[in-house]
S.K.: 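To start, I am sharing the structure in question, which I have written as C-alpha cells.
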Amino acid sequence: LAGVTVLMRSLRCFLSRAGPFSKPGLLPWCATKSPAWSQLFLGSACKGNFTHMIAKKYQRGQQKSQKKPRHCGPLDGSWQERLADVVTPLWRLSYEEQLKPVIDGYRNKSTFSVNRGPDGNPKTVGYYLGTWRDRNIVCVRSNHLKNIPEKHNQVAQYYEIFLRQSPVEPCLLFHEGGHWRELIVRTNSQGHTMAIITFHPQELRQEELCVQKEAVKEFFTKGPGAICDLTSLYFQESTMTRCSHQQAPYQLLFGEPHIFEDLLGLKIRISPDAFFQINTAGAEMLYRTVGELSGVNSDTILLDICCGTGVIGLSLARYTSQVLGIELVEQAVEDARWTAAFNGITNCEFHTGRAEKILPRLLKSKEDGQFIVAVVNPARAGLHYQVVQAIRNCRAIRTLVFVSCKPHGETTRNIIELCCPSDSAKKLLGEPFVLRQAVPVDLFPHTPHCELVLLFTR
C-alpha cells in the first residue's frame with residue numbers, strides 16, 4: 001500500500017482548460033500541483049467524491065476572480081424543487097460552480113418508476129422522492145427537470161394516463177402484489193424512441209398476460225399514447241429487480257427491433273438490453289479520450305473488455321491490427337457484430353461471456369511477441385479478480401486504459417491489484433502497472449458524478 005500511495009501522489013492529471021462551452025466533456029480544471037490521490041483512491045480521509053474534490057481545488061484557485069456562488073431557480077421548497085435536488089443536485093449552480101461543460105447534456109435514456117404521487121394517487125410515473133426506510137416515498141413527475149428530454153417526459157406522462165385507466169395495479173413491492181413496474185425510454189439524435197415496460201406477472205395466466213400486452217399496445221398505437229410516435233415498444237415479464245434478455249426475454253409488441261445512433265462516424269445498432277452511454281455527445285468525448293490515451297497503432301492488438309456494443313473498439317479499429325471484444329450481454333455482442341459489418345470493419349472479433357472465463361484463453365493465444373493495449377470499461381462492481389490477474393500476468397499488455405463510472409469503491413481494489421508488487425500468493429506475478437494520467441469526463445451534467453479515465457503503463 002505504501003508503494004501505491006507514493007504512486008498516487010505522483011500522479012499527473014491530464015485535463016483540458018477549455019472554455020465553458022467550447023469543448024464538451026472534460027472538466028475545466030488544470031492541475032498545477034499533484035492532488036492528494038492517495039486520499040482519493042486509498043484513504044478514508046477523503047469523504048467527498050472525485051468531482052467534489054476537483055470542484056474544491058478549482059474554487060480555491062478561482063476565489064479572487066469569482067463572485068459569490070449564484071443560485072439559479074426558485075427557492076420555494078416545493079416538491080418540484082425537492083425532486084430536482086435529488087435527481088440533479090447541482091441544478092442551482094452556474095457553470096463555474098458545478099464545472100459543467102455544456103448547457104444541457106444530450107440524454108438518450110431515462111428510467112421512470114411507478115409509485116404513489118404527492119397527491120396520494122398510487123399510479124404516478126416519475127422519480128422517487130423519500131426513502132423506503134422512512135416510509136415516505138412518493139413518485140413525482142419529471143417534467144419540471146430541465147435535463148430530462150421532452151420526448152422522455154411525454155412517454156412517461158402518457159404511460160401514467162394508461163396506468164390510471166388500467167384495472168391492473170402497479171407493483172411497488174413484489175410481496176405486496178401488483179404488476180406494472182418500470183418504464184425505460186431510449187431515444188437517439190434523430191428522435192426515434194424505444195420504450196421498454198417491465199411487468200411483474202405474479203400469478204397471472206398466459207391468457208391474462210396477453211390481454212395486458214394487447215391493452216398497452218393498443219394504447220400506444222391507436223389510443224391517446226399514439227401521439228408519442230414510438231419507434232418500438234418492448235414488454236418484459238420480470239420477477240426480479242433486473243433481468244437480462246436471457247433471463248426474461250424482451251418481447252417486441254410493435255415497431256422496429258432496434259434504434260440506431262451515429263457516433264464517431266459509425267452507425268451503431270442498439271438493442272433494448274444493450275448498454276449505451278446515456279449522454280451521446282459526452283460519450284464521443286469519452287471515447288476520443290480513451291483513444292488518445294491508448295496510443296494504439298497498426299502493430300497493436302486492442303483488447304476491449306466489458307465492451308458493450310463495441311463502440312470503443314470499433315472506433316479505434318482503423319488504427320489497430322485487430323480488436324478483440326468481450327461482453328457478457330449477448331444482445332450487445334450481436335449489436336457490435338452488426339455494427340462492424342454495416343460499417344465495413346473486418347478486423348474485429350466479439351466474444352460473449354464472462355470476461356474472467358474468456359480473457360485468459362484469449363491471452364494465451366496472443367503472447368508471441370505481440371503488443372496488446374487493453375481497455376476495460378466495467379460496471380460499478382469493477383473488474384473480477386481473475387480479470388485483473390490475467391491482465392497483470394500477460395507480459396504483452398504494456399498499456400491499460402481503465403474507464404470507471406465509480407472512481408471510488410471497487411475501482412480502488414482494482415487499482416491496488418494492478419499496481420502492487422508481485423505477489424505469488426495472490427497469483428499476481430507480472431510486473432506492476434504505474435498509474436500515469438487521469439482524465440475525468442463529465443457525462444452527467446447537474447450531478448456530482450463523472451466518468452474517470454485512467455492510464456496505466458509498465
Side-chain angles (χ1 to χ4, degrees), residues 79-80 83-84 87 106-129 137-172 177-202 204 206-238 250-260 270-272 278:
W79 65 261
Q80 292 96 330
L83 173 63
V87 181
Y106 175 67
R107 182 171 183 169
N108 58 38
K109 179 178 178 181
S110 297
T111 301
F112 298 95
S113 300
V114 179
N115 206 321
R116 64 181 175 86
D119 57 356
N121 195 306
K123 295 183 178 180
T124 300
V125 177
Y127 292 98
Y128 284 147
L129 191 63
I137 241 181
V138 293
C139 194
V140 290
R141 300 181 188 89
S142 60
N143 55 335
H144 292 274
L145 294 178
K146 293 182 179 179
N147 72 324
I148 305 298
E150 182 180 349
K151 185 71 170 183
H152 294 205
N153 278 322
Q154 182 188 50
V155 178
Q157 289 164 22
Y158 276 92
Y159 183 49
E160 181 179 299
I161 293 172
F162 169 77
L163 291 186
R164 293 192 176 189
Q165 69 183 35
S166 171
V168 177
E169 292 298 315
C171 178
L172 309 183
H179 301 278
W180 300 108
R181 292 183 51 218
E182 276 186 354
L183 167 70
I184 296 175
V185 182
R186 306 184 80 154
T187 52
N188 63 10
S189 53
Q190 291 80 41
H192 301 149
T193 306
M194 174 189 290
I196 307 165
I197 292 173
T198 310
F199 187 91
H200 197 304
Q202 301 290 0
L204 291 183
Q206 195 60 41
E207 314 87 77
E208 295 171 306
L209 283 170
C210 289
V211 170
Q212 300 309 316
K213 287 188 278 189
E214 189 59 35
V216 71
K217 174 184 175 181
E218 183 83 7
F219 179 86
F220 280 105
T221 53
K222 301 177 182 178
I227 195 174
C228 297
D229 191 25
L230 295 180
T231 306
S232 57
L233 176 64
Y234 275 94
F235 185 92
Q236 186 187 40
E237 302 167 25
S238 172
Y250 290 89
Q251 304 168 45
L252 181 63
L253 299 187
F254 75 84
E256 301 296 325
H258 311 95
I259 59 174
F260 301 86
I270 305 170
S271 295
I278 67 167

S.K.: With heavy-atom distances below 4.5 Å as the criterion, would you say the side chains of Thr193 and Asp229 are in contact?
M.R.: no
S.K.: In Å, rounded to the nearest 0.5 Å, how long is the span from CZ of Phe235 to CD1 of Ile196?
M.R.: 13.0 Å
S.K.: Report the distance from atom CD1 of Ile184 to atom CD1 of Ile197, rounding to the nearest 0.5 Å.
M.R.: 11.0 Å
S.K.: Taking only residues two or more places apart in sequence, or in another chain, which ones meet Tyr234 in a ring-ring contact (aromatic ring centres under 6.0 Å, His included)?
M.R.: none
S.K.: Please identify each residue that fulfils ring-ring contact (aromatic ring centres under 6.0 Å, His included) with Phe260, with sequence neighbours left out.
M.R.: Trp338
S.K.: Looking only at non-hydrogen atoms, find the nearest pair between Pro257 and Pro272 and report the distance.
M.R.: O-CD, 4.0 Å
S.K.: Answer whether the closest heavy-atom distance between the side chains of Gln206 and Leu209 falls below 4.5 Å.
M.R.: yes
S.K.: Indicate the atoms forming the closest heavy-atom contact of Ile270 with Met194, along with that distance.
M.R.: O-CE, 3.9 Å
S.K.: How would you list, by chain and number, every residue that makes a side chain to side chain donor-acceptor pair (under 3.5 Å) with His179, sequence neighbours excluded?
M.R.: none
S.K.: Which heavy atom in Thr187 sits nearest to a heavy atom in Lys151, and how many Å separate them?
M.R.: CG2-CG, 4.0 Å
S.K.: If you compare all heavy atoms of Ala156 against all heavy atoms of Leu183, which two are closest, and at what distance to 0.1 Å?
M.R.: CA-CD2, 3.7 Å
S.K.: Tell me, with the steps shown, if Tyr158 and Phe220 meet ring pair (Phe, Tyr, Trp, His ring centres under 6.0 Å).
M.R.: CA-CA 9 Å; Tyr158 276 92; Phe220 280 105; 7.7 Å; no
S.K.: Residues in side chain to side chain donor-acceptor pair (under 3.5 Å) with Glu207, at least two apart?
M.R.: Arg205
S.K.: Give me the atom names and distance for the closest heavy-atom approach of Ser166 to Trp180.
M.R.: OG-NE1, 3.3 Å
S.K.: If I compare all heavy atoms of His192 with all of Ile259, which pair ends up nearest, and what's the gap?
M.R.: CB-CG2, 4.4 Å
S.K.: side-chain contact (heavy atoms from CB on, under 4.5 Å) for Phe219 and Tyr159? Distances and angles first, verdict last.
M.R.: CA-CA 9 Å; Phe219 179 86; Tyr159 183 49; over 6 Å; no
S.K.: Would you give the length of the straight line joining atom CD of Glu169 to atom NE2 of His200, rounded to the nearest 0.5 angstrom?
M.R.: 15.0 Å
S.K.: Listing request: all salt bridge (Lys or Arg N to Asp or Glu O under 4.0 Å) pairs with a residue in residues 211-222, at least two apart in sequence or in separate chains.
M.R.: Lys213-Glu237
